[in-house]
Amino acid sequence: MNIRFLGGAGEVGRSAILVNDELLLDYGIKPTDPPAYPLNGMRPKTLIISHGHLDHCGLAPNLMDLEPEIYCTGTTSKLSGLLARDTLKISENKGHNIPYYNEEIQEFERRARAVKYRQEFETSGYQACLYDAGHIPGSSSVHLVKGNQSLFYTGDINTIETELQKGADTDYPENDILLIESTYFGKNHTPRKELEERFIGSVRDTLDNGGKAIIPAFSIGRTQEIMLILRKHGLHAYVDGMGVDVFNLIKRSPEHVKDIHKLEKAFTSLNIVEPEQRKEIISEPSVIVTSAGMLNGGPVLYYISEMYDDPRSKIHLTGYQVEGTNGRKALESGYIEDRNKITHLKCRLELYDFSAHCGDAQLRDVVKKFCDNGTQTVIPVHGDNTGGFASWIKEELGVDSIAPANGETVYI
């Protein structure tokens, strides 16, 4: 088996992994400004998408001239189409070149075949099966078998239960090769209960001081999680942006979340914001959950423009901020940039990483479980320290481990 890494090997973002020159696992865009793409030069017969986040699905419509077979869960298919249209709209507004058109998005949606968890299917000579990855609604890990070799690709995975998700299906099959994400290798998450208490305390403090609590959140997964947390603690929050569209898509596949009834109670006609309501809502102390999670677009830029100079108000970031995004600039330098206009923030800024990825301890546990079950080769991907992870696997578990670079082909 040969595995070529076109993106997401020794970095976070733009995942694209080509197996035997014929089957592509994910095809994503790194959400920087402008976006960064995977390496090109392949013609896959099959595309399997692990989940509906830009860095894993954002470039899929670009492949439509190849007429590939496409597999993913039904929720991932819908989210991928939604993201593609949003990316095209944002790129046109900013003057970026995105290598696909609306017609190719439509063709992608037509070709995508919805697969349920643990439903085996055959494609390009592989026996394939998707497992619940616990990351966002519809997210999957992928198991492939061809001849006498098998491969398991975790995609982005979370084994911890959250308000929104039950956690990954960890009844893993026997497997030869493991491709595991390593976003948080070497970093353990703050215990969820402690993180929630600090976050809620900070939001309440902002309101008590007469400020506005702006909560930028990724539209897919994070917005829904944050709304559930706020409701659990008795806080009324407005919700604005694409996270509402995502909620409406999730309702069509309720099996992909832990409790659809709780989620429906968190999204009501009383708290969903229409564009014409924004000015009124931001005029008084309020809690507003809005896109985009890295401050690179969406309604959050309007809200910030209205409260950036108010020291009583606060921006509560809720997830990892990729290098080159406005969120990273705000954290490191105290400013954001939109259409060549720089805004220096006088409001407060805090980061609460409600990550939907495994932390260090969970990543190590996943690898140990696979290796105890006979896995012979482990390849860490999608992380800034894949080399460190590979070294730990070799030294502690005595299993062959490779940390590939983007553009590298591994032969096993």
Side-chain angles (χ1 to χ4, degrees), residues 52 75 78-79 82-83 86 136-138 162-165 195-293 295 297-308 310 312-319 347 350 352 354 356:
T75 297
K78 294 182 181 74
L79 293 175
L82 179 68
L83 279 175
D86 186 64
I136 62 169
T162 66
E163 292 298 315
L164 184 65
Q165 300 294 126
L195 182 65
E196 276 190 28
E197 289 175 352
R198 282 173 39 205
F199 170 69
I200 293 296
S202 179
V203 172
R204 291 191 192 280
D205 180 64
T206 303
L207 295 176
D208 291 344
N209 288 335
K212 294 95 173 178
I214 306 302
I215 306 175
F218 309 132
S219 297
I220 299 173
R222 194 63 44 84
T223 291
Q224 297 77 36
E225 174 80 4
I226 294 299
M227 291 297 290
L228 285 167
I229 290 170
L230 291 166
R231 186 178 186 278
K232 182 175 76 171
H233 290 273
L235 282 168
H236 177 271
Y238 294 102
V239 57
D240 191 358
M242 197 169 72
V244 177
D245 299 321
V246 172
F247 161 68
N248 288 325
L249 286 179
I250 291 171
K251 285 196 298 184
R252 302 180 198 173
S253 303
E255 69 277 10
H256 286 158
V257 294
K258 188 167 71 173
D259 191 330
I260 191 62
H261 301 297
K262 280 187 177 181
L263 190 60
E264 288 174 334
K265 289 176 182 177
F267 286 74
T268 70
S269 59
L270 297 177
N271 66 3
I272 294 175
V273 179
E274 299 297 334
E276 61 271 16
Q277 297 174 300
R278 290 169 183 160
K279 190 172 183 63
E280 178 183 353
I281 289 168
I282 196 65
S283 66
E284 58 185 12
S286 51
V287 182
I288 305 168
V289 180
T290 184
S291 51
L295 313 184
V300 70
L301 294 178
Y302 168 77
Y303 292 117
I304 291 175
S305 74
E306 293 291 313
M307 49 72 75
Y308 73 94
D310 179 6
R312 299 171 302 170
S313 294
K314 193 180 297 179
I315 301 171
H316 302 76
L317 296 169
T318 58
C347 61
E350 294 176 351
Y352 298 88
F354 285 95

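Excluded from the calculations below are hydrogen atoms, water molecules and symmetry mates; all remaining heavy atoms, backbone and side chain alike, are included.
- Separating the CG atom in N209 from the CG atom in D310 is a distance of 10.0 Å, to the nearest 0.5 Å.
- The side-chain contact (heavy atoms from CB on, under 4.5 Å) test with K314 singles out one residue from V203, L207, D205, and that residue is D205.
- Once rounded to the nearest 0.5 Å, the distance linking CE of M227 with CD of E163 reads 13.0 Å.
- With values rounded to the nearest 0.5 angstrom, S291 atom OG is found 7.5 Å from D86 atom CG.
- Annotation for I315 and P216: closest pair CG2-CG, 3.7 Å, computed over non-hydrogen atoms.
- Considering CD1 of I250 and CG of D245, their distance stands at 11.0 Å, rounded to 0.5 Å.
- When every heavy atom of M242 is checked against every heavy atom of S219, the shortest pair comes out as CB-OG, 3.5 Å.
- I215 is not listed as a side-chain neighbour of V300, based on a closest heavy-atom distance of 4.5 Å or more.
- The heavy-atom pair separating E306 from I282 by the smallest distance is CB-CG1, 3.9 Å.
- Enclosure of atom CD in E280 is not indicated, since only 12 or fewer non-hydrogen atoms of other residues, nucleotides or ligands lie within 6.0 angstrom.
- Side chains of S202 and Y352: a donor-acceptor N/O pair is present below 3.5 angstrom, by distance only.
- The backbone N or O of L164 sits less than 3.5 Å from a side-chain atom of E225, completing a donor-acceptor pair.
- For E196 and K232, the salt-bridge test passes: some basic side-chain N is under 4.0 Å from an acidic carboxylate O.
- In this structure, T318 and V289 have side chains that are not in contact, with every pair of non-hydrogen atoms separated by 4.5 Å or more.
- In this structure, L301 and L295 approach most closely via the heavy-atom pair CD2-O, 3.5 Å.
- Summarising the geometry of A237 relative to N271, their closest heavy-atom pair is O-CB, 3.1 Å, with the distance given to 0.1 Å.
- With hydrogens and angles disregarded, no donor-acceptor distance shorter than 3.5 Å links the side chain of S313 to the backbone of C347.
- Inspection of the D240 and Y302 side chains reveals no N or O donor paired with an N or O acceptor under 3.5 Å.
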For the pair T75 and I136, evaluate side chain to side chain contact (heavy atoms under 4.5 Å, CB included) and give the outcome as yes or no after the intermediate values. CA-CA 10 Å; T75 297; I136 62 169; over 6 Å; no
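- For Q277 (side chain) and E274 (main-chain N/O), a donor-acceptor pair under 3.5 Å exists by modelled atom type.
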Check against side chain to side chain contact (heavy atoms under 4.5 Å, CB included), T223 and T290: CA-CA 7 Å; T223 291; T290 184; over 6 Å; no
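- If you take NE2 on H316 and CD1 on I214, they are separated by 9.5 Å, rounding to the nearest 0.5 Å.
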Verdict with supporting geometry, L228 and D259, side chain to side chain contact (heavy atoms under 4.5 Å, CB included): CA-CA 10 Å; L228 285 167; D259 191 330; over 6 Å; no
In sequence, state the C-alpha distance, the side-chain angles, and the governing distance for K251 and E264, and then conclude on salt bridge (charged side-chain N to carboxylate O under 4.0 Å, His left out). CA-CA 8 Å; K251 285 196 298 184; E264 288 174 334; 5.4 Å; no
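- Using a 4.5 Å heavy-atom cutoff, the side chains of V257 and Q165 are in contact.
- Distance CD/Q224 to CD1/I260: 9.5 Å, rounded to 0.5 Å.
- Across all non-hydrogen atoms, the minimal contact from Y303 to V273 is OH-CG1, 3.7 Å.
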Please evaluate residues I226 and F199 with respect to the criterion side chain to side chain contact (heavy atoms under 4.5 Å, CB included), reporting the C-alpha separation (whole Å), side-chain torsions for both, the decisive distance (0.1 Å), and the verdict. CA-CA 10 Å; I226 294 299; F199 170 69; 4.2 Å; yes
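- Among residue pairs with one or both ends in residues 266-289, those qualifying as ring-ring contact (aromatic ring centres under 6.0 Å, His included) are F247-F267; sequence neighbours excluded.
- Atom NZ of K258 has more than 12 neighbouring heavy atoms from other residues, nucleotides or ligands inside a 6.0 Å radius.
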